[in-house]
Participant: 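Below is the structure I would like to discuss, written out as structure tokens.
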Protein chains: 2
Amino acid sequence: MDALHPEVAGEFGPLTKYVGYALRRAQLKVFQDFIDTLGELDLRPAHFSVLTVIDANPGILQSRACAALGIQKANFVPLLDGLQRRGLLRRVALNGRANGLHLTDEGRKLLARARRLHDRHERRVLGVMSALERKRLIATLSRIAGLDEVSPRAAPAAARRSPSGSAAAPRRGSAAKRSP
Amino acid sequence: MDALHPEVAGEFGPLTKYVGYALRRAQLKVFQDFIDTLGELDLRPAHFSVLTVIDANPGILQSRACAALGIQKANFVPLLDGLQRRGLLRRVALNGRANGLHLTDEGRKLLARARRLHDRHERRVLGVMSALERKRLIATLSRIAGLDEVSPRAAPAAARRSPSGSAAAPRRGSAAKRSP
DNA sequence: CGGCTTCATTATGGGATATAACCATGAAGC
DNA sequence: GCTTCATGGTTATATCCCATAATGAAGCCG
């Protein structure tokens, strides 16, 4: 990969000064390393984050979990399907329509292994970055992402970007149990 | 500053301490704002970066440009097609197989407008971040992305990730002119 | 000339994500 | 008790981004 040395710097032009561009390149690099590292467990970044959230909040609702992760509920379903099929988590019916999410023992075990790999991954990716620098980086990124905003406790959950919002049209679907 | 508020922090678990996760969320946020902001020009991030590189390197080869940007040449083609169709750039045949890329006047004009919008976008996304903080952020991200590595002048171009690499299969294709 | 390499292209598939439509259940109102 | 509405989950579909494989043709070099 080319990059910023004087000679090559010209190729990028002002691009090297744009935060967005640096962000994209860094993100691609980090994700690639993540995938390579956790590949042996067949865990992609999204899987890892889902397991982490469920582990930290046993019994959490699907809707709440995917809202926290910023994943559309529609996309969350096949994700959970996959993890459930692998025996890593269970959907426990709460009342006929809501599911509480729980890790299985196997899920917890895999997550533990994943965390160890993840540590190695972070160390490799961050290279010789001081703890302070790392902390500052996370703080800055979280601020940019708006992750440090005040509690969305009673927040409208899906207040992302739909001014009108409502759609109340009834349809057909089903909170149907997947694993009867 | 561990980002999150106490209440919500629980939902994320250790996720708030992972650089990769913060990176992803920040990147999504920034790109969304970019798209919203430059939407009126119908420019996506990739388009903008391509125009920027060509503007800074008139006549640059396709292969060189896409290598610099970390884009696969195969994916680069339709990207250029689109921009060319819009009259923003021209492919100038150098010798029958290689194309030099140039912005048209219209391309330069659009890029200028885009830059103004981009400035607004960055200011909005970075909020009240000091110039120093911004600079440090870019430096850190560039280091993570490996963008600060030493010049790959004569580097093998496609040295990304194929240990075996070779495939010496014969081909058939065509640098065929698109705009004869 | 003949083989290898380079440049550009086409075709194709996977992964992630957004949206819309939809069923069911539970909660609220009359 | 029945209607109305919001909630939780699911399906289906389209799009975007990116990666790989294979191809065509031109240039390079002995």
Side-chain angles (χ1 to χ4, degrees), chain A residues 24-25 27-29 31-32 35 42 44-47 49-50 60-67 69-82 84 91-101 156-158 160-162 164-179, chain B residues 24-25 27-28 31-32 35 44-47 49-50 60-67 69-82 84 91-101 156-158 160-162 164-179:
Chain A
R24 171 177 168 263
R25 297 296 294 249
Q27 211 254 348
L28 283 175
K29 176 78 153 217
F31 263 50
Q32 193 53 60
I35 293 169
D42 200 26
R44 321 253 310 145
H47 299 142
S49 65
V50 170
I60 190 173
L61 290 180
Q62 273 188 225
S63 36
R64 197 157 172 76
C66 69
L69 289 167
I71 300 175
Q72 298 295 318
K73 60 180 181 176
N75 304 324
F76 202 50
V77 173
L79 229 173
L80 291 181
D81 286 352
Q84 185 170 23
R91 288 188 244 227
V92 176
L94 294 184
N95 57 15
R97 75 172 167 185
N99 294 334
L101 301 177
R160 259 192 78 125
R161 47 201 294 275
S162 49
S164 57
S166 66
R171 276 87 176 216
R172 170 201 34 110
S174 130
K177 282 33 195 159
R178 288 246 168 181
S179 48
Chain B
R24 172 177 167 261
R25 296 296 295 249
Q27 210 254 348
L28 283 175
F31 263 50
Q32 192 52 60
I35 293 168
R44 321 252 308 140
H47 299 142
S49 64
V50 170
I60 189 172
L61 291 181
Q62 274 189 221
S63 37
R64 195 156 174 77
C66 69
L69 289 167
I71 299 175
Q72 296 295 319
K73 58 183 178 176
N75 304 324
F76 202 50
V77 172
L79 229 173
L80 291 181
D81 286 352
Q84 185 169 24
R91 288 189 244 228
V92 176
L94 294 184
N95 57 15
R97 75 172 168 182
N99 295 332
L101 302 176
R160 257 190 80 122
R161 49 201 290 271
S162 45
S164 57
S166 67
R171 288 62 174 239
R172 175 199 27 114
S174 135
K177 283 28 188 163
R178 289 243 168 185
S179 48

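Below, chain A is the first sequence line, B the second, and so on; all start at residue 1.
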Participant: Please tell me which of the listed nucleotides, D:dT10, C:dA8, D:dC16, lies nearest to the side chain of B:R44?
Facilitator: D:dC16

Participant: Atom NE2 of B:H47 to atom P of D:dC18: distance rounded to whole Å?
Facilitator: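 Nearest whole value for this atom pair: 11 Å.
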
Participant: If you pin B:K73 and B:R24 to their nearest nucleotides in DNA chain C, which one's is more 5'?
Facilitator: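 The residue closer to the strand's 5' end, by nearest nucleotide, is B:K73.
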
Participant: According to the Watson-Crick and G-U wobble definitions, with both distances under 3.5 Å, which nucleotide is paired to C:dC30?
Facilitator: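 Check on C:dC30: paired to D:dG1, both distances under 3.5 Å.
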
Participant: I need the CG-P distance between B:N95 and C:dT5, as an integer number of Å.
Facilitator: 19 Å

Participant: Quick one: on DNA chain D, does B:A74 or B:I35 contact a more 5' nucleotide (nearest heavy atom)?
Facilitator: B:I35

Participant: Taking the side chain of A:N75 as its heavy atoms from C-beta onward, which of C:dT17, D:dG8, C:dA8 lies nearest to it?
Facilitator: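 Nucleotide nearest to A:N75's side chain: C:dT17.
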
Participant: In terms of side-chain heavy atoms of B:R97, which of C:dC7, C:dT17, D:dG9 is nearest?
Facilitator: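 Side chain of B:R97 sits closest to C:dC7.
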
Participant: For A:L94 and D:dG8, what is the distance between atoms CG and P respectively, to the nearest whole Å?
Facilitator: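 Computing the A:L94:CG to D:dG8:P distance gives 11 Å.
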
Participant: Is B:R64 near enough to C:dT6 that one of its side-chain N or O atoms lies under 4.0 angstrom from OP1 or OP2?
Facilitator: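 So the side chain of B:R64 is outside the cut-off, no N or O lying under 4.0 Å from OP1 or OP2 of C:dT6.
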
Participant: I need the CG-C1' distance between A:D81 and D:dA12, as an integer number of Å.
Facilitator: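 So the CG-C1' distance, A:D81 to D:dA12, works out to 14 Å.
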
Participant: Over how many whole Å does the gap from A:N99 atom CG to C:dA24 atom P extend?
Facilitator: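 Nearest whole value for this atom pair: 16 Å.
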
Participant: For D:dG9, take OP1 and OP2 only and decide whether either is under 4.0 Å from a side-chain N or O of A:S63.
Facilitator: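 Yes, such a contact exists.
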
Participant: May I ask you to evaluate whether A:Q72 reaches the phosphate of C:dA18, defined as a side-chain N or O under 4.0 Å from OP1 or OP2?
Facilitator: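 Affirmative; the distance criterion is met.
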
Participant: May I ask you to test the B:L28-B:Q32 pair for a side-chain heavy-atom distance under 4.5 Å?
Facilitator: no

Participant: Starting at CG of A:L28 and ending at C1' of C:dG15, how long is that distance when rounded to a whole Å?
Facilitator: 13 Å

Participant: Just verifying a value: how many Å separate B:L79 CG and B:S49 OG, rounded to the nearest 0.5 Å?
Facilitator: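 The CG atom of B:L79 sits 7.5 Å away from the OG atom of B:S49.
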
Participant: Starting at CZ of A:R91 and ending at P of D:dG9, how long is that distance when rounded to a whole Å?
Facilitator: 9 Å

Participant: Would you name the heavy atoms of A:F31 and B:R24 that are closest together and state the gap between them?
Facilitator: CZ-CD, 3.6 Å

Participant: Can you check side chain to side chain contact (heavy atoms under 4.5 Å, CB included) on A:Q84 and A:R91, steps first, answer last?
Facilitator: CA-CA 8 Å; A:Q84 185 170 23; A:R91 288 188 244 227; 3.0 Å; yes

Participant: May I ask you to evaluate whether A:Q62 reaches the phosphate of D:dT10, defined as a side-chain N or O under 4.0 Å from OP1 or OP2?
Facilitator: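 Result: yes.
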
Participant: In whole angstroms, how far is the P atom of D:dA19 from the CG atom of B:L69?
Facilitator: 12 Å

Participant: Over all heavy atoms of both residues, which pair between A:D42 and A:H47 is shortest? Give the atoms and the distance, please.
Facilitator: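 The answer is O-ND1, 4.1 Å.
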
